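Small disclaimer: the values here were computed from a predicted structure and weren't measured.
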Amino acid sequence: MFVEFGKFNPELIDFINNYKINYGIPLDPIYTGKLAFALNDLIMNKYFEKGSTIVMIHGGGLQGISGFNQLNNELIK
């Protein structure tokens, strides 16, 4: 599912929060959250050949979480 720049939906927020719970890795809702969300969608839809090596680079952006939360009632845990 594609989410436009600067926009979000409940599915993305749930994914970001669950990712942190499951893997201990925080994601921001603008860049890395959408990257991980899209990559997960590709994996779930069997886009990659079985046995493929997939590398996702977390480029940071976590400073944006506090501002996002101030504007959006603390959605990111």
When rounded to the nearest 0.5 Å, the distance separating CD1 of Ile54 from CD1 of Ile43 is 4.0 Å

Tightest non-hydrogen contact, residues Leu62 and Pro26, listed as CD2-O, 3.5 Å

CD1 of Ile65 to CG of Leu75, rounded to nearest 0.5 Å, is 12.0 Å

(request) Check whether any side-chain heavy atom of Leu27 lies under 4.5 Å from a side-chain heavy atom of Phe37, and answer yes or no. (result) no

Review point. So if you build clusters from Ile, Leu, Val, Met, Phe, Trp, Tyr with side-chain heavy-atom gaps below 4.5 Å, do Leu71 and Ile30 land together?
Key: no

Starting from Leu12, can I reach Met44 by hopping between I/L/V/M/F/W/Y residues whose side chains sit under 4.5 Å apart?
yes

So CG of Leu39 and CZ of Phe48: to nearest 0.5 Å the spacing works out to 5.5 Å

Rounded to the nearest 0.5 Å, the CD1 atom of Ile25 sits from the CD1 atom of Ile16 at a distance of 13.0 Å

side-chain hydrogen bond (donor to acceptor under 3.5 Å, both in side chains) pairs touching residues 44-60, sequence neighbours excluded, are Asp41-Asn45

Residue pairs passing the side-chain hydrogen bond (donor to acceptor under 3.5 Å, both in side chains) test with at least one member in residues 15-30, sequence neighbours excluded, are Asp28-Thr32

Applied to residues 60-77, the side-chain hydrogen bond (donor to acceptor under 3.5 Å, both in side chains) test, sequence neighbours excluded, yields none

